[in-house]
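A, B, ... follow the sequence lines: proteins, then strands. Residue 1 opens every chain.
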Number of protein chains: 2
Amino acid sequence: MRKIAESTVRRLSLYLRFLEEFEAAGVATVSSEALARRGSTTSAQVRKDLSFFGSFGKRGLGYSVPELAATLRDILGLERRYAVAVVGAGKVGSALVQYRGFPSRGFHVEWVYDRDPAKIGSAWNGLRVRDVAGLEADFEEVAPDIAILAVPADGAQAVADRLVAAGVRAILNFAPVQLAVPEEVAVKNVNMALELETLSYALRNR
Amino acid sequence: MRKIAESTVRRLSLYLRFLEEFEAAGVATVSSEALARRGSTTSAQVRKDLSFFGSFGKRGLGYSVPELAATLRDILGLERRYAVAVVGAGKVGSALVQYRGFPSRGFHVEWVYDRDPAKIGSAWNGLRVRDVAGLEADFEEVAPDIAILAVPADGAQAVADRLVAAGVRAILNFAPVQLAVPEEVAVKNVNMALELETLSYALRNR
DNA sequence: GGATGTGAATGTCTTCACAGCT
DNA sequence: AGCTGTGAAGACATTCACATCC
């Protein structure tokens with residue numbers, strides 16, 4: 001398949017959200033124009049984004065809401081279940097473990113790790129916090145599909161190395177460091193200070 | 001000033017981080033090539049990013065680490081202090097209130113709001129959780145420079161409207177909704193489910 | 001009639017490559 | 001000699017505009 005831009009994938013993900021809203025509101029079909037308005041983009045952008053993957057609409061009519069939603073779920077790989085491990089049982093980890101938006105989209109946190117003996121063994125939203133030292137042993141049979149890294153900056157690379165060695169192929173990284181990983185591993189960084197800094201720049205230049 | 005791409009601003013923010021690391025390590029000058037390696041980009045990209053704002057290096061030598069760091073702080077508007085309000089005292093709000101990376105970069109959380117009477121009045125990291133109903137009154141004299149919106153999706157737009165009316169010009173939005181705000185207000189969205197979905201897509205297509 | 005799907009045009013971002021300064 | 005700063009080229013993304021189909 002031709003390489004698809006990250007920005008396109010993000011928009012598809014947004015479109016799916018809007019479609020789910022339309023579906024909940026009982027709307028049966030939707031035009032590229034309506035989707036565009038909802039996501040502050042243009043109808044041409046919507047159609048172009050979809051056209052990379054096929055043609056899913058009916059001319060003169062628009063798109064069937066449930067059909068397009070199913071198609072997008074398929075494109076994004078959301079028809080399946082993902083087992084997720086959260087490493088780092090601090091405040092960020094805590095927020096992620098009980099984040100409501102995850103299970104409904106197929107992301108299920110099944111492991112929580114920390115290295116602090118005071119936290120290990122405690123129950124978190126029905127999950128026992130495990131010792132990060134046992135990570136490799138735990139993943140011997142089943143590794144998580146996705147690991148969420150929510151440890152302090154200084155330990156992040158070491159944990160990432162171990163996750164990769166244990167078979168993890170996707171990491172959502174909350175630590176403010178640039179992880180070095182083999183190219184077959186997908187990494188997405190979320191850096192809150194950096195987001196605030198882009199706001200700072202925006203404030204200054206308007 | 002010419003309009004600068006968001007991607008450029010994000011990279012500048014990263015470069016600043018790397019410069020601070022170099023500074024801590026006692027490195028006095030750095031080449032565009034060294035910065036590029038650190039941030040997995042190219043030396044041409046680094047130089048081009050900087051060139052939008054001026055010329056800060058010495059040919060044959062590179063950039064003075066402390067000087068370039070100061071320049072970037074200036075460009076990003078980080079030489080000043082930002083007063084931040086967090087609205088929504090759930091797990092995400094909690095993580096943000098005590099996030100270590102903020103104060104060192106000039107972002108100071110000074111207000112925390114919720115609408116749950118059980119939470120209002122409790123102390124959070126030295127801050128009293130306030131009733132969101134009193135937001136307008138609290139901001140009459142001084143409004144926060146930046147508001148972080150960490151409330152559930154259904155209440156987010158209403159709170160955003162009130163924040164804007166109260167004078168807030170920048171919002172970091174954690175609610176999974178597309179906020180409608182006047183164009184003079186800067187909004188950055190952080191959507192964790194969406195990040196996982198881009199990982200899902202990446203996993204599927206490799 | 002009305003909205004899609006898509007080449008072509010335009011606009012934006014990144015990379016190249018080298019003149020010019022230290 | 002080494003590395004910056006920058007026009008020009010190239011790659012990529014968005015928008016236009018219209019033929020096509022329901």
Given the ring of Phe102(A), does Arg100(A) sit roughly above its face, with NZ or CZ under 6.0 Å from the centre of the six-membered ring and within 45° of the axis? no

Using atom CZ of Arg47(B) as one end and atom P of dG20(C) as the other, report the distance to the nearest whole Å. 16 Å

Return the 5'-most residue of the pair Ser51(A), Gly60(A) with respect to DNA chain C, ranking by each residue's nearest nucleotide. Gly60(A)

Under a 4.0 Å heavy-atom cutoff, the residues of residues 8-28 of chain A touching DNA chain C are none

Near-ring test Tyr63(A)/Phe56(A), centroid separation under 6.0 angstrom: no

From CG of Leu50(A) across to C1' of dA3(C) the rounded distance in Å is 13 Å

Do the side-chain N and O atoms of Asp49(B) and Gln45(B) include a donor-acceptor pair separated by under 3.5 angstrom? yes

DNA chain D: 5'-proximal contact among Arg59(A) and Ser7(A) (nearest heavy atom): Ser7(A)

Separation of dA1(D) C1' from Lys58(B) NZ (nearest whole Å): 18 Å

Rounded interatomic separation in angstrom, taking CG from Asp49(A) and C1' from dT6(C): 14 Å

Can you find a side chain N or O atom of Tyr63(B) that sits less than 4.0 Å from OP1 or OP2 on dG2(D)? no

Calculate the interatomic distance between Glu6(A) atom CD and dT12(C) atom P; express it in whole Å. 21 Å

Out of dG7(D), dC16(C), dA13(D), minimum distance to the side chain of Ala44(B) belongs to dC16(C)

Where does the angle between the aromatic ring planes of Tyr113(A) and Phe139(A) fall among parallel (under 30°), tilted (30 to 60°) and perpendicular (over 60°)? perpendicular

Look only at the side chain of Lys91(B) and the backbone of Tyr99(A), and say whether a donor-acceptor pair between them is shorter than 3.5 Å. no

When you check the phosphate oxygens OP1 and OP2 of dT4(D), does a side-chain N or O of Ser55(B) lie under 4.0 Å from one of them? no

Between Ile146(B) and Leu196(A), the two heavy atoms sitting closest are CG2-CD2, 3.9 Å

Rounded to the nearest Å, what distance is computed from the NZ atom of residue Lys3(B) to the P atom of nucleotide dG11(C)? 14 Å

Tell me which pairs pass ring pair (Phe, Tyr, Trp, His ring centres under 6.0 Å) where either residue lies in residues 145-177 of chain B, with sequence neighbours left out. none

Between Lys48(B) and Ser32(B), name the one whose nearest nucleotide on DNA chain D is closer to the 5' end. Ser32(B)

Gln45(A) CD - dT12(C) P separation (whole Å): 14 Å

Rounded to whole angstrom units, what separation is found between the CD atom of Glu67(A) and the P atom of dT4(C)? 14 Å

